[in-house]
Number of protein chains: 2
Amino acid sequence: MVFRMQSPAALAAIYRSMGRKVTPQRQLLFQLMHENDCHPTAEALFAEASAQMPGISLRTVYQTLNELAEMGELQFIDIGGGPTRFDPNLDDHHHVVCIDCGQIRDVQVSGAAALHPSGAEDFVINEVGVVFQGVCSSCEKSRAKSGRSVRAKSPALQAKVSK
Amino acid sequence: MVFRMQSPAALAAIYRSMGRKVTPQRQLLFQLMHENDCHPTAEALFAEASAQMPGISLRTVYQTLNELAEMGELQFIDIGGGPTRFDPNLDDHHHVVCIDCGQIRDVQVSGAAALHPSGAEDFVINEVGVVFQGVCSSCEKSRAKSGRSVRAKSPALQAKVSK
DNA sequence: TTCTTGTTAGCACGAATTGCAGATTAGGAG
DNA sequence: CTCCTAATCTGCAATTCGTGCTAACAAGAA
Ligand SMILES: [Mn+2]
Ligand SMILES: [Mn+2]
Ligand SMILES: [Zn+2]
Ligand SMILES: [Zn+2]
């Protein structure tokens with residue numbers, strides 16, 4: 001059972017049934033997000049959209065993405081401080097990020113749902129997110145070439161205080 | 001073995017040994033971060049620092065935090081799009097976030113290190129981060145009072161495309 | 001076609017963070 | 001202690017990402 005954002009046609013129907021209008025801008029963005037699996041930023045979508053519809057506004061891209069998120073048709077992903085990325089994959093899944101090129105890939109993590117935090121017994125937990133940081137094969141090659149290996153986590157002094 | 005940012009005195013020594021100067025501003029920030037376990041933002045630290053040292057600049061707070069991070073003395077935490085938060089806890093640990101008040105708490109997650117992503121076999125994984133979203137006990141009370149329960153994940157249409 | 005109402009485009013604005021440069025100072029040499 | 005200089009600090013401009021606002025615009029019903 002794989003859950004994704006609805007098809008453009010289905011979304012059009014949903015929009016109409018909610019009294020919202022099905023504009024060309026929205027339809028285009030429905031297409032661009034549907035089946036999109038690269039977790040694009042608003043700017044990236046804006047660039048793609050502009051190619052097919054010169055004059056479309058970045059504001060409209062943000063608005064539509066926010067709408068879809070409110071409707072539960074896509075998710076926001078915030079990783080590492082960069083711009084928000086959008087995900088039409090509504091399944092229970094997680095992400096790997098390449099610390100070199102920034103690409104984000106979907107991954108399944110068996111056992112993630114079973115994770116439990118120690119030290120937050122007074123919280124009602126709602127959901128869990130797992131993010132792996134690493135280097136993709138393509139970037140790994142570039143690294144090999146330029147000699148630099150996967151960087152140590154703490155390049156600084158090693159003497160740590162044990163407490 | 002608990003790893004944390006060094007003590008203010010130790011940091012002073014490290015700074016001098018690196019040819020960096022031990023200024024009053026830095027010393028104050030060392031103190032404020034050391035043993036700080038609330039994952040403060042730069043602005044929050046700036047406020048605390050300003051109380052003890054009126055005139056200190058926000059720019060200096062950012063600079064010092066960036067330095068310490070480069071030296072591996074603290075970590076950046078980016079969660080949910082808000083401002084970056086800083087963490088002097090260098091241990092292998094994870095976080096719970098209260099979606100109401102934004103507080104971030106350290107947690108241990110047994111089994112986190114054993115997690116493996118399916119679908120990223122071509123990545124060299126460097127590290128894993130687990131973030132739990134939930135509601136803290138304090139906010140839970142407020143919710144009970146105002147009647148609102150823990151919100152459903154997708155308030156929108158239920159009919160999803162199975163693929 | 002006309003009317004109503006939701007939508008779009010564009011720009012101003014806001015939050016978070018960094019770039020810059022002149023004024024200031026820590027810390028070592030004399 | 002005084003002087004010197006490189007490192008640092010401060011204040012402000014600039015940048016990046018995203019939102020508020022509103023007049024012009026257009027979907028869709030009548
Ligand atoms: Mn995803
Ligand atoms: Mn922490
Ligand atoms: Zn890469
Ligand atoms: Zn709370």
Nucleotide of [options] approaching [X] most closely (side-chain heavy atoms):
X     : options               : value
B/T23 : C/dA9, C/dA26, D/dA27 : C/dA26
B/V22 : D/dC17, C/dG27, C/dT7 : C/dG27
A/R20 : D/dA27, D/dG18, C/dT7 : C/dT7
B/K21 : C/dT7, D/dT8, C/dA16  : D/dT8

Atom pair distance, as rounded to whole Å: [atom1] in [X] and [atom2] in [N]:
X     : N      : atom1 : atom2 : answer
A/L29 : C/dT7  : CG    : C1'   : 13 Å
A/Y15 : D/dG28 : OH    : C1'   : 17 Å
A/F76 : D/dT19 : CZ    : C1'   : 12 Å
B/I77 : C/dA16 : CD1   : P     : 17 Å
A/M18 : D/dG28 : CE    : C1'   : 17 Å
A/Q25 : D/dC25 : CD    : P     : 13 Å
A/L65 : C/dT8  : CG    : P     : 12 Å
B/R26 : C/dA26 : CZ    : P     : 12 Å

Categorize [X] for me: base, sugar-phosphate, or nothing, with a 4.0 angstrom heavy-atom threshold over every strand shown.
X     : value
A/E43 : nothing
A/G81 : nothing
B/I56 : sugar-phosphate
B/T60 : base

Tell me whether the side-chain N/O atoms of [X] come closer than 4.0 Å to OP1 or OP2 in [N].
X     : N      : value
A/Y62 : D/dG18 : yes
B/Q63 : C/dG19 : no
A/R59 : C/dC11 : no
A/T84 : D/dC17 : no

Could you tell me whether A/F76 and A/F86 have their ring centroids closer than 6.0 angstrom?
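Ring-ring flag for A/F76/A/F86: true, centres closer than 6.0 Å.
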
Trace of the salt bridge (Lys or Arg N to Asp or Glu O under 4.0 Å) decision for A/E73 with A/R4
CA-CA 7 Å; A/E73 295 296 338; A/R4 298 207 125 248; over 6 Å; no

Under 3.5 Å: donor-acceptor pair, side chain of A/E121, backbone of A/G119
yes

Can we say A/R105 and B/D122 salt-bridge, meaning some charged N sits less than 4.0 Å from an Asp/Glu carboxylate O?
yes

Verify whether one side chain among B/H95 and B/D87 offers a donor that lies under 3.5 Å from an acceptor in the other.
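A donor-acceptor contact under 3.5 Å links the two side chains.
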
Checking B/D106 against B/H39: is there a side-chain donor and acceptor pair closer than 3.5 Å?
yes

Return the 5'-most residue of the pair B/N66, B/R16 with respect to DNA chain C, ranking by each residue's nearest nucleotide.
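Its nearest nucleotide being more 5', the pick is B/N66.
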
Let me spell it out: for each of A/G19 and B/R85, pick the nucleotide of DNA chain C with the closest heavy atom. Which residue's pick is nearer the 5' end?
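Between the two, 5'-proximity favours A/G19.
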
